K.L.:
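Here's a structure for you.
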Amino acid sequence: MKNIKSIIVICCCLFTYYAQAQSGWTREAKGFYVQASAAHFSSNNYYTTEGTLADQGSTFNTSAFLIYGEYGISDRFTAILDLPLVRLNSFSTTETVGGVGNIQLGIKYKLLKSFPLSLQVALDIPTNDGSNFAQSTNANAFGEFDEINLPVSDGEFNVWTTLAASHGFDNGKTYASAFSSVNFRTEGFSNQLQAGVELGHLFFDKLYVIGKLKIQERLSSENNVQSGSFLFGEGTTFTNYGVTSMYKVTDHFNVVAQYSDYAGFLVERKNIYDGGTLSLGVSFEY
């Protein structure tokens with residue numbers, strides 16, 4: 001069962017909140033897990049708030065260095081920290097701007113002693129007011145440099161509430177999980193619903209491979225027109241899929257690689273750039 005818990009936790013430290021996964025397991029008392037990873041995304045395929053694909057003429061790029069950690073307060077309570085320590089945003093036609101992304105602090109509680117069913121509540125704390133302007137690299141027809149807001153934080157508090165269940169199969173090397181989350185947003189933003197499943201397996205006693213599938217929908221009928229930027233996530237919907245691999249270098253040290261992408265076969269892509277995210281990292285657990 002310890003192997004299964006190791007598989008689960010690596011799915012939680014991903015590039016954006018879009019890809020975050022959940023499980024029914026909590027960490028053992030005084031046990032901890034820390035992961036550092038770097039990720040990159042680049043695309044010029046933008047889906048509008050109506051779901052129409054539009055080539056913006058320039059490429060959006062974002063990179064990040066992230067720290068994720070878990071600590072077992074007890075066998076049933078786990079504290080969680082998700083920190084985008086550095087996030088860099090740019091278009092191919094602008095300078096690069098950066099900063100610290102939203103800091104997420106959470107508590108997960110194992111509801112049942114005999115079955116991995118958990119309830120997690122996490123607070124997303126903004127690190128700025130959602131303003132981070134980048135200047136164009138070339139002057140416009142009037143000889144002036146344009147500015148565009150490329151925030152690294154959405155400037156508002158979020159509260160994620162997640163119910164997750166997991167099951168480990170008899171061989172102790174395979175697991176399946178399912179979860180559902182509601183994001184309660186402030187400042188007039190639309191609340192969001194996420195749901196997903198994942199399946200993981202340990203190969204050769206060294207290599208974990210995990211497949212994931214998730215959707216996001218919004219829970220209100222109208223968008224916040226004052227915050228239409230895709231970087232605020234307002235009205236953003238999608239289907240997200242991905243694969244994660246983790247190689248156990250030692251009993252406590254791991255190398256992690258992940259790829260995720262978007263699709264529209266379950267939930268239509270809206271207000272989002274469509275493309276793949278590649279993430280590489282290392283982790284330590286005890």
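Side-chain atoms are counted along with the backbone in the values below, which use heavy atoms only and exclude waters and symmetry mates. Just so it is clear, the structure is predicted and the values come from calculations on it, not from any experiment.
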K.L.:
Return yes if some donor-acceptor pair links the side-chain N/O of Arg76 with the main-chain N/O of Lys110 below 3.5 Å, else return no.
P.N.:
yes

K.L.:
State, yes or no, whether a side-chain contact exists between Leu81 and Leu105 at a heavy-atom distance under 4.5 Å.
P.N.:
yes

K.L.:
Take a 6.0 Å sphere around CZ of Phe265 and say whether it holds more than 12 heavy atoms from other residues, nucleotides or ligands.
P.N.:
yes

K.L.:
Report the residue from Asn158, Asp124, Asp82 that forms a side-chain hydrogen bond (donor to acceptor under 3.5 Å, both in side chains) with Gln104.
P.N.:
Asp124

K.L.:
Using ring centroids (six-membered ring only for Trp), state whether Phe284 and Phe253 fall under 6.0 Å.
P.N.:
no

K.L.:
Is it the case that atom NZ in Lys30 sees more than 12 heavy atoms from other parts of the structure closer than 6.0 Å?
P.N.:
no

K.L.:
Write down the atom of Lys108, the atom of Trp25, and the distance for their closest heavy-atom approach.
P.N.:
NZ-O, 3.0 Å

K.L.:
For residues Glu234 and Arg185, determine if any side-chain heavy atom of one lies less than 4.5 Å from a side-chain heavy atom of the other.
P.N.:
yes

K.L.:
Whether the side chain of Ser153 engages the backbone of Thr127 through a donor-acceptor N/O pair (distance < 3.5 Å, no angle test) should be reported.
P.N.:
yes

K.L.:
Donor-acceptor pair, distance only, cut-off 3.5 Å: does the side chain of Thr62 make one with the backbone of Leu88?
P.N.:
yes

K.L.:
Check whether any side-chain N or O of Ser90 sits under 3.5 Å from a backbone N or O of Thr94 as a donor-acceptor pair, and report yes or no.
P.N.:
no

K.L.:
Looking only at the aromatic ring of each residue, does the gap between the centers of Tyr71 and Phe32 stay below 6.0 angstrom?
P.N.:
no

K.L.:
Any donor-acceptor pair under 3.5 Å linking the side chain of Asn128 with the backbone of Asn102?
P.N.:
no

K.L.:
Under the rule for side-chain contact (heavy atoms from CB on, under 4.5 Å), what residues qualify as partners of Asp129, not counting sequence neighbours?
P.N.:
Ser131

